[in-house]
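Here is the structure we will look at, set down as structure tokens.
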Amino acid sequence: MAAKRPQLTGRAAILAVVVCAIAMSLAYPVREYVAQRRQIAQLEAQQANALRKLQNLEQRRRRLEDPDYIKRLAKERLFYCEPGADCYQVIDEETSGTAAAKAGTKPPERPAWYVTVWRSFEAADKGRPAAPAAGQSPTPTASASPSAPASASASAPAG
């Protein structure tokens with residue numbers, strides 16, 4: 001009977017270790033290569049976008065050098081009128097904010113800036129977002145009110 005040879009010889013084990021070492025040594029450079037190619041593609045897209053913006057700006061610059069275009073812009077945007085010409089301006093009701101009044105709806109009312117600031121201060125003190133609740137009052141709390149008149153009366157001149 002012939003001697004049974006082992007399944008994994010020493011040569012096969014060394015070959016497997018060498019193949020794994022080569023694969024491990026190539027993994028990082030390949031990953032870096034792929035990352036650099038991705039970055040190059042992103043930079044090329046940014047460059048194309050910048051060139052497109054540059055071309056648009058160059059075209060706008062050329063238009064702004066044209067005196068007829070400047071006159072037309074002055075008439076359209078600034079409502080300039082040439083001397084001796086009769087100019088009229090039609091006021092459109094849709095753009096003046098009366099469209100919502102015609103429809104019977106009231107435009108949403110924003111609180112005053114100081115109310116928004118006060119609500120953000122209160123929210124910061126309580127550690128919650130500054131969004132006001134439906135029934136929340138924008139007035140200051142009682143603990144903050146007495147300090148404001150006291151400092152105002154102390155700085156007011158006696159008369």
For [range], which residue pairs pass the salt bridge (charged side-chain N to carboxylate O under 4.0 Å, His left out) check, not counting sequence neighbours?
| range | answer |
| --- | --- |
| residues 12-27 | none |
| residues 76-88 | R72-E76, K75-E82 |
| residues 32-47 | none |
| residues 49-63 | E58-R61, R61-E65 |

Cluster companions of [X] among Ile, Leu, Val, Met, Phe, Trp, Tyr (side-chain spacing under 4.5 Å):
| X | result |
| --- | --- |
| L73 | L64, Y69, I70 |
| V17 | none |
| V18 | I14, I22, L26 |

Under the side chain to side chain contact (heavy atoms under 4.5 Å, CB included) test, which residues partner [X], sequence neighbours left out?
| X | value |
| --- | --- |
| A23 | none |
| D68 | D66 |
| R31 | Y28 |

Task: Shared hydrophobic cluster for Y114 and F121 (ILVMFWY, side-chain gaps under 4.5 Å) - done: yes
Task: All salt bridge (charged side-chain N to carboxylate O under 4.0 Å, His left out) counterparts of R110, not counting sequence neighbours - done: none
Open item on the list: Per the disulfide bond (SG atoms under 2.5 Å apart) rule, what does the pair list look like for residues 52-91, sequence neighbours excluded?
Closed with: C81-C87
